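A quick write-up on the structure given underneath.
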Amino acid sequence: MDDTADRLAQAVACYRARRDRTEHPKGEFVGSRRVLAWKIDPSERQTCCAGAKPSDLGGNQKFIGHWLNKHCRSIEHVANLFGVTADEFRAALKEKPAVAGQLKLF
């Protein structure tokens, strides 16, 4: 498997895990019960994060930074995280996942 295909496979696995909430973006929740904030880890931050706004993702001001956590689960962000284009990534997401141990019939 070449480098791009490997990164695409990793990106697809990461995106699906984040979508299903079995994996979470790197960061931490800080604050109190009244005002809870999510602080992104520097290793998770990408150039696309600067353009994300609470209003774009249905942000709730009570949960400051929740919108950024949601953004970090997006196709655009995961593609940037793995260094692939969003178009390549969308195409890879459309491919049917291989089932382990599946036999191919001729």
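Count residues from 1 along the sequence. Only a predicted model underlies this, so the values are computations on that prediction, with no experimental measurement involved.
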**Q.** ring-ring contact (aromatic ring centres under 6.0 Å, His included) between Tyr15 and Phe89, intermediate numbers included
**A.** CA-CA 10 Å; Tyr15 175 77; Phe89 186 46; 5.8 Å; yes

Q.
For Arg21 and Arg73: C-alpha separation, side-chain torsions, deciding distance, then whether side-chain contact (heavy atoms from CB on, under 4.5 Å) applies.
A. CA-CA 9 Å; Arg21 305 276 178 170; Arg73 298 171 190 278; 3.1 Å; yes

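Under a 4.0 Å N-O distance rule, the pair Glu76/Lys70 does not qualify as a salt bridge. Electrostatic pairing of Arg7 and Asp3 counts as a salt bridge here, judged by a charged N lying under 4.0 Å from a carboxylate O.
In this structure a side-chain-to-backbone donor-acceptor pair under 3.5 Å is present from Asp41 to Ser43.
To the nearest 0.5 Å, atoms CZ (Arg18) and NE2 (His24) are separated by 10.0 Å. Taken from CD in Glu44 to CG in Asn69, the straight-line distance is 9.0 Å, to the nearest 0.5 Å. In this structure, the separation between NE2 on His71 and CD on Gln46 is 8.0 Å, given to the nearest 0.5 Å. Once rounded to the nearest 0.5 Å, the distance linking OG1 of Thr4 with CZ of Phe82 reads 13.5 Å. Distance check: Cys48 SG to Ile75 CD1 gives 12.0 Å after rounding to the nearest 0.5 Å. Distance check: Ile40 CD1 to His77 NE2 gives 5.5 Å after rounding to the nearest 0.5 Å.
Defined by atom type and a distance below 3.5 Å, a donor-acceptor pair is missing between the side-chain atoms of Asp87 and Thr85.
By the 4.5 Å heavy-atom criterion applied to side chains, Leu68 and Lys39 are not counted as neighbours.
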